[in-house]
Engineer: 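Encoded as structure tokens, here's the structure I'll be asking about.
Predicted model, so just to flag it, every value in this text is computed and none were measured. All residue numbers in this chain count up from 1 along the given sequence. The figures that follow rest on heavy atoms only: side chains count, while hydrogens, waters and symmetry mates do not.
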Amino acid sequence: MHLLSARCVCALTLLCQVAALETVTGLYGETLQIPCNNGAMKAEDVLITKWKYDKGDGLSGDLLVKQKNQNVSISAADEYKGRVSLAANSSLLLSAATLADQRTFTCMEVVGADIAEYPVNVVVHKFPTELEISEQSKDLEIGKLTKLGTCTARDANPPANITWLKNGKPLLADGNRISIQTSVLVDPVTGLSTTTSTLEYSAEKEDKNAQFTCSTRGLLSSPVTFSITYSTENIILTVIAEAPLVEGDNVTLKCEADGNPAPTGFNFHLKGEVVTVKDGDTYAINNVSRDTTGEYKCSLIDDPSMESSEDITVNYLDINFSPSGKIVKRAGEGLPLDLNIYSSGEAKVSWTKDGAEMEKKPDLNKLTYSQSGVYECEVTMGPLRRKASFQLVVEGAPAVKQLSQQLSDDRLHKVLICEAEGFPKPVVSWSINGTLLDESDFVDGMITHKIKVVPSANLTVSCTVSNEFGSDTRPINVSSLNWKVRVDKQDQSDDSDQTKVVVGVVVGVLIATAVIGLAYWLYMKKSKQGSWKTGEKENGSSEEEKKLEEKVEENSQKAEV
């Protein structure tokens, strides 16, 4: 900031003032508005407004002048002809600004008896017309300082300040991995500057996909990426397969190296055999078996010492089970079960009989008819499942397991129940004719046969069961049904016989009592008829009559007992 001196030619009564210098910045090619005292003076108070510019060497050039109540008079020549005008607030309007306009413009105002001058310094800025990265390197080598490219910012004022960025973050020269060289060239005609910045960069592996850009004054170049060249340091073998791997599956071996450019081929070591794949990084093994289990490797073709290995385990499950098919055994015999498991891991065994799950392995050491059925053994290990089954038939001569009787619900019949077992299904027969009430289903070698009968006398009834292997018979005593004496309890065959004896005794005693009573009555009648003949006879008869009464009383007591 400085003061600009001015020569004032005034009357002795006039005061000449010079204001402090201010600066106005405009954009290249646009209209520049240069204020006059920032409009501090009212237009009606200003008598004369005049604009001039510094031509250098202490000389000035007139641009325009305006007197109160008169039109603007343009006096500009040379480069300002047709480019200047006056705004309503007395500001100077300068169109199509160029770098040549970077000078001092002065506004002079006459107000009353005072004359004041307001100098304004003009600065013109211009943004670069473009920002691009050229002279790009084809690739970068790890650990080697390599020219990455040159960023150019053309036709700028002031000269552009270029910043390099990696993934949006600024790069600063460190004299080791990052070196930045900048130069500025000024156009002698336009005065505009072109800035170039060259970046040298020592890459790392992490820069493989990095984006590099350059920027200035809000402008950003298009991003560029580079191929990072480095030798292989690590190699990885990957086994691509379903988990867990079982026999019959397919496996793909994939070999990857961290070098750039990546190797185009690999050696695959397959349990002692080496297979070279020149134009790929995979090798397929189809339909694997338990023999595929083992260690596998891959290595670089040009450096076999650089290798990677992985173990492959193929899961398998085999079983050997006996017996199988249909097995026919006699009751009481034994049937051994032999299960051998060959697997790559721990297996689980489960059993079913006729489709129903069993809690444990069946015990068939001493066979019963109820153990007949279809047995299935299932062995599982992960996704692997193996099954084996057999049908067991237990046969033999039938036997009567239980023979019983009961009174029917209507108390008019006897129901005889015969329970038997055997295989094939026994045929049931009775030694008495009866009516079939029910025959149960033949399940687990068991059958129940029921008949109803009306026995007219006490008798012994037999149930006989038979099949092709033999027969069995069991008897039961069945009492007759008494229609004159009702017995509350069912199946009272022994009690019925005792009842008959008691009834006979009672009837006999009653008959004896009746006979004695009848004899006594006849005797008393005869005695009364002869009592008036002799008194002695009457007394004697009384004595005999007394003895007879005592005898009747004794028999009556016995009858009551």
Side-chain angles (χ1 to χ4, degrees), residues 139 142 203-210 225 227-322 324 338-352 357 361 376-390:
D139 51 45
I142 287 182
E204 298 177 339
K205 287 185 180 180
E206 292 75 11
D207 298 323
K208 184 176 181 180
N209 297 314
T225 57
S227 175
I228 309 300
T229 302
Y230 50 90
S231 58
T232 298
E233 296 181 356
N234 296 290
I235 187 171
I236 299 175
L237 175 62
T238 304
V239 178
I240 304 174
E242 295 289 337
L245 182 63
V246 300
E247 288 188 311
D249 286 350
N250 299 327
V251 173
T252 298
L253 304 178
K254 183 177 180 62
C255 199
E256 297 177 285
D258 61 357
N260 191 41
T264 58
F266 296 92
N267 289 327
F268 289 91
H269 303 257
L270 312 173
K271 299 180 66 175
E273 179 185 1
V274 178
V275 177
T276 300
V277 178
K278 293 185 177 180
D279 297 318
D281 59 0
T282 61
Y283 181 81
I285 305 175
N286 297 324
N287 194 24
V288 299
S289 67
R290 65 195 67 185
D291 296 333
T292 308
T293 298
E295 182 184 38
Y296 291 79
K297 298 180 181 180
C298 73
S299 63
L300 296 179
I301 295 177
D302 55 357
D303 186 5
S305 64
M306 186 167 291
E307 63 180 22
S308 176
S309 65
E310 282 290 332
D311 289 329
I312 293 179
T313 300
V314 180
N315 292 281
Y316 62 91
L317 175 64
D318 290 335
I319 63 172
N320 187 0
F321 179 77
S322 65
S324 61
D338 188 13
L339 173 64
N340 295 311
I341 301 174
Y342 308 94
S343 64
S344 56
E346 185 176 356
K348 179 182 178 182
V349 182
S350 60
W351 292 85
T352 60
E357 184 176 353
K361 177 182 177 181
E376 183 177 74
C377 167
E378 182 178 50
V379 183
T380 60
M381 188 191 72
L384 297 177
R385 280 172 168 74
R386 301 291 184 265
K387 293 182 178 181
S389 63
F390 67 94

Engineer: Kindly indicate, with the supporting measurements, whether the criterion side-chain contact (heavy atoms from CB on, under 4.5 Å) is fulfilled by Cys377 and Val349.
Structural biologist: CA-CA 7 Å; Cys377 167; Val349 182; 3.9 Å; yes
Engineer: Do you know the tightest heavy-atom contact between Asp302 and Pro304?
Structural biologist: C-CD, 3.8 Å
Engineer: Any idea which heavy atoms bring Ala347 and Leu317 closest together, and the distance?
Structural biologist: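 Of all heavy-atom pairs spanning Ala347 and Leu317, the closest is CB-CD1, 4.3 Å.
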Engineer: When rounded to the nearest 0.5 angstrom, what distance separates CG in Asn320 from CD1 in Ile341?
Structural biologist: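 These two atoms lie 11.0 Å from each other.
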Engineer: With rounding to the nearest 0.5 Å, note down the distance linking OG in Ser343 to NZ in Lys348.
Structural biologist: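 If we round to the nearest 0.5 Å, Ser343:OG and Lys348:NZ are 14.5 Å apart.
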Engineer: Any side-chain heavy-atom pair from Glu378 and Arg385 closer than 4.5 angstrom?
Structural biologist: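 They are in contact (side-chain heavy atoms under 4.5 Å apart), so the answer is yes.
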Engineer: Pairs of donor and acceptor atoms involving the side chains of residues 254-272, under 3.5 Å and at least two apart or interchain, shall be tabulated with distances.
Structural biologist:
unit_1 : atom_1 : unit_2 : atom_2 : d
Lys254 : NZ     : Asp281 : OD2    : 3.0
Asp258 : OD1    : Glu233 : N      : 2.8
Asp258 : OD1    : Asn234 : N      : 2.9
Asp258 : OD2    : Lys205 : NZ     : 3.2
Asp258 : OD2    : Asn234 : N      : 3.2
Asp258 : OD2    : Asn234 : ND2    : 3.0
Asn260 : ND2    : Ser227 : OG     : 3.4
Asn260 : ND2    : Ile228 : O      : 2.3
Asn267 : OD1    : Thr276 : OG1    : 2.7
His269 : NE2    : Ser299 : OG     : 3.0
Lys271 : NZ     : Asp291 : O      : 2.5
Lys271 : NZ     : Thr293 : O      : 3.0

Engineer: What are the two closest non-hydrogen atoms of Ile301 and Lys278, and how far apart are they?
Structural biologist: CD1-CA, 4.5 Å
Engineer: Please list every donor-acceptor pair under 3.5 Å in which a side-chain atom of residues 239-253 meets a protein atom from a residue at least two apart or in another chain.
Structural biologist:
unit_1 : atom_1 : unit_2 : atom_2 : d
Glu247 : OE1    : Arg290 : NH2    : 3.2
Glu247 : OE2    : Arg290 : N      : 2.9
Glu247 : OE2    : Arg290 : NE     : 2.9
Asp249 : OD2    : Val246 : N      : 3.2
Asn250 : OD1    : Asn287 : N      : 2.9

Engineer: Distance-only, no hydrogens or angles: does the Asp207 side chain make a donor-acceptor pair with backbone N or O of Glu204 under 3.5 Å?
Structural biologist: yes
Engineer: So, for Phe321 and Trp351, is the gap between ring centers shorter than 6.0 Å?
Structural biologist: yes
Engineer: Any side-chain heavy atom of Lys208 sitting closer than 4.5 Å to one from Glu206?
Structural biologist: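 Side chain of Lys208 against side chain of Glu206, heavy atoms only: no contact under 4.5 Å found.
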Engineer: Enter the distance from Ile235:CD1 to Ser308:OG here, rounded to the nearest 0.5 Å.
Structural biologist: 6.5 Å
Engineer: Quick one: OG on Ser231 to CG on Asp303, what's the gap to the nearest 0.5 Å?
Structural biologist: 10.0 Å
Engineer: When rounded to the nearest 0.5 angstrom, what is the spacing between CD1 in Ile142 and OH in Tyr230?
Structural biologist: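 Output value for this atom pair is 6.0 Å.
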Engineer: Is any side-chain heavy atom of Met381 closer than 4.5 Å to one of Glu346?
Structural biologist: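 With C-beta onward as the side chain, the pair stays apart.
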Engineer: Pair Leu339, Ile319 - check side-chain contact (heavy atoms from CB on, under 4.5 Å), show working.
Structural biologist: CA-CA 7 Å; Leu339 173 64; Ile319 63 172; 4.2 Å; yes
